[in-house]
Every structure is written in C-alpha cells, then in structure tokens.
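Below, chain A is the first sequence line, B the second, and so on; all start at residue 1. In what follows, every heavy atom counts, from backbone to side chain, and hydrogens, waters and symmetry copies are set aside.
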Amino acid sequence: MSGCLFIGLFGHGVWIFKIEFGNWALDFVGLLLSLPYIKVIKLLKYFKMFSSQLVQTDYQMLTLLKRCKTLRTLTQLHTQLIKTGLENDPFLTGNLILHCAINITNAVPYAHSILHYFPNPTAFMYNTLIRGYVESDHPCNALITFNEMRRNRMSHIVCLDSFTFAFVLKAVANMRSWDSGVQVHCLGIVYGLDMHIYVGTTLISMYAECGWIKEARKVFDEMLAPNVVAWNAMITGCIRCCDVEGAEMLYRRMDVKDLVSSNVMLDGFMKSGEVEVAKRMFFEEMDVKDDVSWSTMIVGFSHNGCFGEALDLFVELHRVGLRPNEVSLTGVLSVCAQSGAFEFGKIVHCYIEKCGFVWIRSVNNALLDTYSKCGNIDMARLVFERMPGFKSIVSWTTMVAGLAMQGYGDEALKLFHQMEDSGIKPDGITFISILYACSHAGLIEDGCRYFSMMKNDYGIEPTYEHYGCMVDLYGRAGDLQKAYKFITQMPIKPNAVIWRTLLGACSIHGNVELAEEVQLRLSELDPSDSGDHVLLSNIYAVAGKWKDVATVRKSMTSQGLTKTPGWSMIEVDKIMYSFVAGEKDNEVTKEAYTKLKEIMSRLRVEAGYASEVIGSVLHDIEDEEKEDSLVTHSEKLALAFGMSRLCDGSVIRIVKNLRVCKDCHTVMKLVSNVFGIEIVLRDRSRFHSFRNGSCSCKDYW
DNA sequence: CTAGGGTTAG
C-alpha cells in the first residue's frame, strides 16, 4: 500500500530508487510520507550516499549469485548470506529463490525451503517459486504453493497479483487439468485480475491446451482490447484443437500481424497435412522469416514424410547463411531416423558436437533415435551412455524401443529396470516399448506381467496401442485363440488396428478360417484399407486357394482400392535412393536389375535357391496376378544397388515401408552367407540383421 | 529482480 502511494506521489525518481534497493526500501516509505516533498528528495539523496556501501554488497552478492551453476555452490552462497546477516533482505532472498527455482535444475524444493524460513515472504518470492514449479516434473506443486500463498494472504502478508495468476494458469495448462483451471479462473474474477491482458492471454492458452476451445474463445471475445499476443494465443488455440480453418479466419481478420502469427499458421498448415499451402502460400511469401519459421518448416516436412524437402531446406538454411538451432536439428535428425539416412545423420552428429549442441537433451534424444532407427545400436548405446545431465523419460524410452526393435528383448527389459532404479517413472509410451520388446522376442509371460504391472502398479490405463501389443504378443507366438479371446474381452471396443494385428498373426501362422472372420470385422470398421485385402489374399495364396485370391482382388478393383506401393531406400554417398517395385525406366533401377540378375544366378548355383513364388502353384492365378507376384520387390532392388555401389566391407542398410516378405527374407539370408556381407534391413515392424546366413529376428517377425 | 503468443525427441 505504502509503495503504491509513494510511486504515485513522486513518480519516476522513486521508481529508480525502488529498483536499486528492492522491496526492502519500502520500509522507509512510511517514514518519508509524512515529510514535505522537497525534504523527501533531500533525504533520498542523503540516503543514497549513506547506503552506497550497502548497495555495493547487494550487487556483489547478485553477481556471485549469477555465477552459481550448481545447487552446491548456491548453498554455499546461501550460508554466506546467513553469516553476514543478509538473510532477511527480501531483495537478495528473492533473487536467491529466483536463481534456485529457474536457473538450476531440480533445485525448486530448495527454493521452497528458503521461502519457508523467510519471515514475511513477498509476492515476488511466491510468484517465482510457482514459476519454478511450472516447468518442473510436478507442476501440481505450483497449485499447492498457490494455496499456501492464499492462506498467507488471509493474514495480510502477501498480495496475489497478475504474475501469480499467469504462472498458476500455465501450470494448470501443463497439467491439462481443466477443473483446476476453472477454479483458478474463478479466483481470478474474485481478485479482479481476469481482465488483465497477461492473465487473459494465459487463460486462452490454458483452455485451448485442455481442449476447451469454446471457453478460450469466450475469454478472447470478452477481452476489452486484445493485442497481437492475445490474437496469436487464440489462433494457436484453434490449431491445438485441430481447427485450422478457424485459425485462418482469425488470421485474416487481424489488423496487425507479426512474425509469430505467420509462424503459428505455418505450423497449423503443417499439422493438418497441408504441406503445399504452408510452403507456397506462406513460407515462400513471408517477407521476414526467423529461425522458428525455418525450423517449423523442417519439422513439418519431417512429420509429413517429405524427407527430401526437409533435407533440402536444411541445406538451404546453411546456404543463405543461417545457422540451425536445436529444433531444426531435431527435425533433420528425425528425417534421418525415419528414412534410415545413416551417413547424413553422422554428419549432423559431427556438427552437433562441434557447435556445442551436445548439451541439449532434445537433440541428444533425437540423435539416439537416429542411430537406433538406422540400425546402429552400438552408436545409440554410446550416445545414451554419454548423455550429459540426467536422462529424461524420452531418453530411456527411446533406448528401450531401440533395443526392442533389434530383438534384444532381455536387454530392453534390463534397461527398463535400471530406469526405474534411477527414479524415473515409466509412462504409457514406455510400456508400449516394453510390450513391443516382449512380443518381438517371444517373451510371452513377461509381456503379460508388465501389462498387469502397468495397470495395477502404475495406474496407467491401457490404450489401443497397448492392447494391440498384447494381441501381437499372443498372435506372433502362435496362440491365435488366446489373441482372439483377448480382443473379445477388451474393456473398450476393438478398433480396426487391433483386428488388423490379429489378421497379421493369421498370415504368419496360415490360419485361413480365423482370417476370414477377422476380415468380416474389418470390413465393418474400415472397409477401404487396401492392406487388409492384400494380406487376406496372401493368406489365401499361401494356402493355395487361388479362387479366393481372385475374388479378393476383384472386390478390391471394384471398390477402386489399390495396393500401397512398397518402397525401399538405401543411402549411397549420403544420397538416398528409393526403389519402387515394378519401376524400370531409369538408369539407377537398370543398374540394380543387372546386378540382381547376377546375384540371383549365383544364389541358385551356390546355395540351391529356388523362388517360393515361381512354381506349380502359380498356374491358377490370372495373368495380372502372376505378374504382380513376379514383380521384384523393392528391397531386392535396393540390395542389388547397394552391392553394386558400396565398397566391400561396408554394411548394407535398407529401409522398407512395408513388412519384408518371406522370399526376400530368404534371399537376404543367403546373400549374407554367399557374399559374406552384412545387411541391416528395417521394415515396418522391426530390424533384421543378416549375417553368415541367418537373421537376428530368428525368422520370428 | 518476475509476465502472456510460435518450432523440440520416445
């Protein structure tokens, strides 16, 4: 109260005074108020001279404080404060809490203890502490602190302000707990702070984050004078709730647009899959672009599977003289991971080491994922072990998933226990990796145990993906009846993906009868998925039921469904080459075919290979079908091309978008033996490492 | 000495 009056009376000069001495100076205000204006100014001058020593100590302390990088050095400084009797200085203690809660990792509880022992904590201290909890692992502590603050307010110690509400609302948004959000909103109204522009903007973000777009819109519409930031928050909210059209309408209505608005729209178009709109109408038209615009585009391309465009833009970014930031780096690494661009990934890794990005966790996690998805588990392990600072849940889960994909089921489970020991709590995605590890390594009992552990010990509600893993676990192992029973007993209605998983298992184990029943369910849920029809027709083909094959294919044609074209990619000299089955009219493919011919004849002579497709079984299929079955799969072409181009001793790494077929799998095994080379093939479901005539999947995939 | 809107890995 006195502070407000003081500022009101003397304006600017006093404001400087306040900055220099902090809240601590307010104690003097009450004394000064009773004196005439001129005398106050004089007094102030004397006071400044007199207290310059003190100010000196304050600044020294502040400088020291900023140098503290760890909790250890900070506690030393705290001790120093206590020894010199400065511990009751609200300005210094406030800064101590700020530094502790914001700049030092995992030190928020310590900050809280400082506040706890401070006789009359200021609003600044509370606000800072709440702010610290927002980004912590437990944002709910922000709410607890908020309530503590309110209790103290009852005894007239602190006053809630707009900062308080802004931070608390952010915590609520991070927790996605809309009921607390509504409560805090109500309190904001009680305190008359809901119309504050900062609080209002945070309210919009909070509601949108929790999926309450209507409420967000209401706050926005009721704002007296929404500024650009508020508009941007509203547009972002629409995009979060998948309403790109609404976002675009708002964007067009804006009087003042800044760069952020355009970046939000870029992201919106990318998220809704409108890559061309983002590129042509926005990115290329923008007068001013910053690093966020570039990273948004690279990440957007990556999410939409436009790998070539993402890499081009990354190179372009260099060409125009800009430097990639951590976000564009994670984006480009994600492209390498998805496409298996191992060599390109290694170059990005060098850059990361050289430019000091190794300290950023998100970059490290992306790097880990890249090596793991490029089939180089040793490099992935290295990145994981050398990761600076603590390993986040993403780091652990990525490593577990990587091991699982390569078939190291036991090691994946061991790592999971290490993660628990290190105090990191697994979440739903961690369990997907664990269940995946179990199903791909044939660890059925373990899988069941982890599934119940997830529900009972961790209270994680299984999603479709978890159920899918379980169906896969039973199905892959050949217990189709158990898999079927599991589906019928699921507490949620099984979706197409679940049934599709069972269909896949039917295909592995050649169960025509169950496959037909599953197909019936699928035709109700998702009749237009060409993959299902292809799978069913393959099951018929293996069983020799050629008439049924023809029926399925005919019904596909009449529905206008076409088979998803299979592609395979291989990297040679940092260039990605992609092969599509049946394509013949370019030099690269011709080269691949020539080499393949040579390879296959050597396999026939030296390993007695005979194609599983060519033979008597084919005479029942129509001509078109025959041709389709005889078309060389893309992975064989990629293999041949790699063998023709890559030097001896290098590993052949191929990425395929669909699952590898049995014939290609056999060919790869034989090639690894006859030619003495190593092949790493990543298909849609897992990794296959071929060496000395056998595969790491032990023919279990 | 604090604040609201944009891109980040599993």
Side-chain angles (χ1 to χ4, degrees), chain A residues 18-23 58 62 65-66 90-99 101-102 122-132 134 161-167 169-170 173 196-206 208 226-237 239 258-268 270-271 290-300 302-303 325-334 337 360-370 372-373 392-402 404 426-433 436:
Chain A
K18 189 178 175 249
I19 289 171
E20 282 178 358
F21 299 101
N23 295 332
D58 269 22
L62 263 187
L65 191 61
K66 276 176 192 148
F91 173 72
L92 281 180
T93 307
N95 270 293
L96 192 69
I97 292 174
L98 172 74
H99 200 62
I102 309 296
T122 60
F124 175 76
M125 291 176 190
Y126 272 112
N127 291 344
T128 312
L129 193 62
I130 292 171
R131 185 179 158 211
V134 171
D161 56 19
S162 59
F163 289 91
T164 320
F165 279 96
F167 294 141
L169 286 168
K170 190 144 197 200
H196 188 283
I197 184 88
Y198 281 49
V199 178
T201 310
T202 328
L203 275 171
I204 295 173
S205 304
M206 186 271 294
N227 58 11
V228 203
V229 183
W231 277 84
N232 288 342
M234 195 58 235
I235 295 177
T236 310
I239 286 166
D258 66 1
L259 188 56
V260 175
S261 322
S262 304
N263 285 344
V264 172
M265 288 312 295
L266 274 187
D267 183 47
M270 279 301 193
K271 287 224 168 88
D290 66 355
D291 58 336
V292 177
S293 329
W294 287 83
S295 350
T296 307
M297 287 303 285
I298 293 173
V299 170
S302 153
H303 285 327
N325 63 5
E326 81 249 36
V327 182
S328 47
L329 283 170
T330 49
V332 84
L333 280 173
S334 159
I360 297 170
R361 193 156 28 246
S362 60
V363 173
N364 264 303
N365 290 339
L367 197 57
L368 170 61
D369 192 41
T370 305
S372 144
K373 291 221 171 92
S392 73
I393 185 156
V394 179
S395 331
W396 288 95
T397 308
T398 310
M399 195 65 229
V400 169
D427 63 8
I429 306 174
T430 315
F431 275 103
I432 291 174
S433 304
Y436 178 95

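Taking only side-chain atoms of A:Thr430, from C-beta outward, the nucleotide of B:dT8, B:dG10, B:dG5 with the closest atom is B:dG10. For A:Asn127, counting side-chain heavy atoms from C-beta on, the closest listed nucleotide (B:dT2, B:dT8, B:dA3) is B:dT2. Of the candidates B:dT7, B:dC1, B:dA9, the closest approach to any side-chain atom of A:Ala366 belongs to B:dA9. Listed nucleotides: B:dT2, B:dG4, B:dA9. Nearest to the side chain of A:Tyr198: B:dG4. Nearest nucleotide to the A:Arg131 side chain, out of B:dG10, B:dT8, B:dT2: B:dT2. Considering only the side chain of A:Val394, B:dG10 comes nearest among B:dC1, B:dG5, B:dG10. In this structure, the nucleotide among B:dC1, B:dG5, B:dA9 sitting nearest to the side chain of A:His303 is B:dA9. Among B:dT2, B:dA3, B:dG5, the nucleotide with an atom closest to any side-chain atom of A:Phe124 is B:dT2. Of all nucleotides listed (B:dT8, B:dG10, B:dG4), B:dG4 comes nearest to the side chain of A:Thr202. Distances were taken from every side-chain heavy atom of A:Ser205 (C-beta onward) to each of B:dG5, B:dA3, B:dG10; the shortest belongs to B:dG5.
Between the C1' atom of B:dG5 and the CE atom of A:Met206 lies a distance of 16 Å, rounded to the nearest Å. To the nearest angstrom, C1' of B:dC1 lies 10 Å from CZ of A:Phe163. Rounded to an integer number of Å, the gap from A:Ile239 CD1 to B:dT7 C1' is 12 Å. The distance from atom CG of A:Leu333 to atom P of B:dT8 is 15 Å, rounded to the nearest whole Å. The distance between atom CG of A:Leu98 and atom P of B:dA3, rounded to the nearest whole Å, is 8 Å. A straight line from CD1 of A:Ile204 to C1' of B:dG4 spans 9 Å, rounded to a whole angstrom. Atom CG in A:Leu203 sits about 14 Å away from atom P in B:dG4, given to the nearest Å. B:dG4 atom C1' lies 15 Å from atom CE of A:Met234, rounded to whole Å.
Side-chain atoms of A:His196 never come within 3.5 Å of backbone atoms of A:Ser162 as a donor-acceptor pair (strictly under, hydrogens ignored).
Nucleic acid contact class of A:Ile197 (heavy atoms, under 4.0 Å, all strands): base. A:Asp290 comes within 4.0 angstrom of a base, heavy atoms only. Nucleic acid contact for A:Phe167: base, since at least one base atom lies under 4.0 Å from a heavy atom of the residue. Note on A:Val260: a base of the nucleic acid sits closer than 4.0 angstrom, heavy atoms only. Residue contacts shown for A:Thr128 are absent, as no nucleic acid heavy atom lies under 4.0 Å away. When heavy atoms are screened at a 4.0 angstrom cut-off, A:Ser261 is found touching no nucleic acid atom at all. Residue A:Asp369 is in sugar-phosphate contact alone, with no base atom involved, counting any heavy-atom pair closer than 4.0 Å across all strands shown. Using a 4.0 Å heavy-atom cutoff across all strands shown, A:Ile429 reaches at least one base atom of the nucleic acid. A:Val292 comes within contact range of at least one nucleobase, with a heavy-atom separation under 4.0 Å. Heavy atoms of A:Ser295 sit under 4.0 angstrom from at least one base atom. Contact annotation for A:Ser334: no contact, since no heavy-atom pair falls under 4.0 Å across all strands.
Put simply, CG on A:Leu92 and CG on A:Leu62 are 6.0 Å apart, with the number rounded to the nearest 0.5 Å. Between atom CE of residue A:Met125 and atom OG1 of residue A:Thr93 there is a gap of 5.0 Å, rounded to the nearest 0.5 Å.
Judged by distance alone, the side chains of A:Thr398 and A:Asn365 never bring a donor and an acceptor atom under 3.5 Å apart. A donor atom on one side chain and an acceptor atom on the other are not found under 3.5 Å apart for A:Thr330 and A:Ser362.
If you check distances only, the side chain of A:Asp258 does reach the base of B:dG5 with a donor-acceptor pair under 3.5 Å. Residue side chain A:Thr296 does not reach the base of B:dT7 through any donor-acceptor N/O pair under 3.5 Å, judged by distance alone. No hydrogens or angles were tested; on distance alone, nothing pairs the side chain of A:Thr398 with the base of B:dG10 as donor and acceptor under 3.5 Å. Taking 3.5 Å as the limit, the base of B:dG4 and the side chain of A:Asn232 contain no donor-acceptor pair of atoms between them.
For A:His99 and B:dT2, the shortest distance from a side-chain N or O to OP1 or OP2 is not below 4.0 Å. Side-chain nitrogen and oxygen atoms of A:Arg361 include none within less than 4.0 Å of the OP1 or OP2 phosphate oxygen of B:dA9.
With sequence neighbours excluded, the residues forming a side-chain hydrogen bond (donor to acceptor under 3.5 Å, both in side chains) with A:Ser302 are A:Ser334, A:Gln338, listed by chain and number. In this structure A:Ser262 satisfies the side-chain hydrogen bond (donor to acceptor under 3.5 Å, both in side chains) test together with A:Tyr251, sequence neighbours excluded.
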Take A:Thr296 and A:Asp267 through the test side chain to side chain donor-acceptor pair (under 3.5 Å) and record every step on the way to the result.
-> CA-CA 6 Å; A:Thr296 307; A:Asp267 183 47; 5.7 Å; no
